[in-house]
S.K.: 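This structure is in structure tokens; I'll ask about it shortly.
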Amino acid sequence: MAAAGLAGLFAVYKPAGVAWGRVREALETRLLRELNAAPERAPRQRVRFLPSPAPGGGGAVELVAASVPVLADHPLVRGPRFRKLKIGAGHRLDVKASGVFVLGIGHGNKLLSDLYNCHLTKVYTVGGLFGKATDDFSDTGNLIEKTTFDHITREKLERILAVIQGTNQKALLMYSNIDMKTQEAYELAVKGLIRPMGKSPPIITAIRCLQFALPEFQLEIHCLHETQQYLRKVVHEIGLELKSSAVCTQVRRTRDGVFTVDDALPRTQWNLQSIQEAMRNCQLKVETELEKTLAAHEENRALHQLDGTQLSMLCRSVREQSLQHNRAATCQQHDGQQKERG
């Protein structure tokens, strides 16, 4: 049973060390407890004839009409009003990762699917540590080797990041299925809407160094279709490219599509009032993003779905219009010359 007015999307801040499923369970338990504790309507009344002593006395009894509550509406009979909430999870975070975690209630579950189909960019802050390698690419894994790192500079690191970004940009264009020589591609690029609208490998759309103080460093990574383990592996590969090794110390999601850290509710605000307010605050920007993204790519998809016959007819029509325009211009020029001679 869904609570009236409790439907939409909201984001919470998932702490590291907690599974996303536990976060969803904690939210459901808290919301159900508050919903069931809220004041409810009075129980229904029904008329019953109850025995009552007659006015004359003498032990006589008469039936008197009285309004009594319906026992089926009593909380001890029917139990709690709300027993379950359907809370859907958006892009998930593994146990070691933290950050923005989007969830949906009621019709918000459909909005989660729509946002997933938009393939929106997510942003992470990723910490790294040069000088060692582990079996799971994180600083808590089993140590495999130790290496030197004194030769690494920020300039060398940024050159590697530029290569990674350039390689991923080519993959982005390939999986976007867009002809970059068309006007439609230019318009999508201006709006920042060039993205794969189907399945693709993880793609890094932007990567830069935020902090560098050997042996530690911190990156900001914008990406699509990633996992947190993939980001840890990127840190490992950066270490190898720099003739050293590196482990990931932190993966923190700072943006998931239209949701940022500022939109994410901390654990102290995982309550009914804060969640309802968060849903209202994000409703407009979610609808705006869905309308902008899906409309632009539906139009581009329609152009790609034209078959060869339709394209030929379209080209023939354009050529015929051009020829008619040229003939009209030639006739006007010829008439003008005859008038001058006359």
Side-chain angles (χ1 to χ4, degrees), residues 9-16 18 20 23 89-104 111-112 114-128 137-138 157-158 160-173 175-176 188-197 200-212 216-238 246 248-266 278 281-282 285-286 288-290 292-293:
L9 292 177
F10 66 101
V12 300
Y13 190 92
K14 186 193 95 63
V18 181
W20 66 268
V23 171
H91 296 113
R92 299 167 184 176
L93 289 166
D94 62 27
V95 174
K96 295 180 180 180
S98 63
V100 180
F101 182 40
V102 182
L103 300 113
L111 292 177
L112 279 177
D114 293 339
L115 283 177
Y116 180 83
N117 293 331
C118 287
H119 302 272
L120 301 178
T121 301
K122 296 179 284 298
V123 182
Y124 292 84
T125 300
V126 179
F137 313 131
S138 74
L157 173 60
E158 289 180 343
I160 296 298
L161 300 183
V163 172
I164 293 174
Q165 182 167 324
T167 303
N168 279 265
Q169 285 291 339
K170 294 179 181 178
L172 175 63
L173 298 178
Y175 285 100
S176 296
L188 289 175
V190 169
K191 297 176 183 177
L193 294 175
I194 291 183
R195 61 183 75 128
M197 296 304 285
S200 76
I203 297 176
I204 295 175
T205 58
I207 182 170
R208 67 188 182 102
C209 179
L210 296 178
Q211 296 178 12
F212 183 85
E216 298 179 358
F217 63 98
Q218 191 178 71
L219 307 175
E220 182 183 82
I221 303 178
H222 299 235
C223 46
L224 297 161
H225 304 166
E226 81 298 333
T227 64
Q228 291 77 57
Q229 187 62 15
Y230 168 77
L231 298 177
R232 297 185 186 100
K233 187 178 180 182
V234 169
V235 172
H236 168 75
E237 292 176 346
I238 288 173
C248 182
T249 59
Q250 177 198 44
V251 176
R252 179 173 177 260
R253 184 190 287 162
T254 58
R255 174 183 285 273
D256 185 352
V258 298
F259 294 90
T260 66
V261 172
D262 294 334
D263 301 315
L265 300 175
N281 291 340
C282 77
K285 61 182 180 181
V286 169
T288 302
E289 180 63 40
L290 287 173
K292 178 181 70 173
T293 303

S.K.: Looking at CD1 of I160 and CG of L157, how far apart are the two atoms once the value is rounded to the nearest 0.5 Å?
M.R.: 8.0 Å
S.K.: Supply the atom-to-atom distance Q228 CD to Q250 CD, rounded to the nearest 0.5 angstrom.
M.R.: 12.5 Å
S.K.: Can you sort out the partners of Q229 under side chain to side chain donor-acceptor pair (under 3.5 Å), two or more places apart, ordered by chain and number?
M.R.: R232
S.K.: Side chains of V234 and L219: does their closest heavy-atom pair fall under 4.5 Å?
M.R.: no
S.K.: Taking the side chain as every heavy atom from C-beta outward, state whether L93 and R253 have any pair of such atoms under 4.5 Å apart.
M.R.: yes
S.K.: Calculate, to the nearest 0.5 Å, the distance between atoms NZ and CG belonging to K233 and L231 respectively.
M.R.: 12.0 Å
S.K.: Any heavy-atom pair between the side chains of F10 and C282 that's under 4.5 Å?
M.R.: no
S.K.: Side-chain contact test, heavy atoms from C-beta onward, threshold under 4.5 Å: evaluate it for L224 versus S200 and give yes or no.
M.R.: no
S.K.: Is the shortest heavy-atom distance from the side chain of E226 to the side chain of Y124 under 4.5 Å?
M.R.: yes
S.K.: How far does CG of D256 sit from CZ of F259, to the nearest 0.5 angstrom?
M.R.: 8.0 Å
S.K.: Do you know which two heavy atoms are closest between Y116 and H91, and how far apart they sit?
M.R.: CD1-NE2, 3.7 Å
S.K.: Taking all atoms of both residues into account, what is the closest heavy-atom pair of L112 and L103, and its distance?
M.R.: CD1-C, 4.3 Å
S.K.: Which residues satisfy the side chain to side chain donor-acceptor pair (under 3.5 Å) test with T260, sequence neighbours excluded?
M.R.: D263
S.K.: Quick one: pull up CD1 in I221 and CG in L161 and give me the separation to the nearest 0.5 Å.
M.R.: 8.5 Å
S.K.: Taking the side chain as C-beta and beyond, is there a heavy-atom pair between P202 and T227 under 4.5 Å?
M.R.: no
S.K.: Side chains of E220 and H222, heavy atoms from C-beta outward: is any pair under 4.5 Å?
M.R.: yes
S.K.: What I'd like to find out is whether the side chain of I204 reaches to under 4.5 Å of the side chain of T167, using heavy atoms alone.
M.R.: no
S.K.: For the CG atom of L9 and the CG atom of L115, what is their distance to the nearest 0.5 Å?
M.R.: 6.0 Å
S.K.: Closest approach of K122 and G257, non-hydrogen atoms and distance?
M.R.: CG-N, 4.5 Å
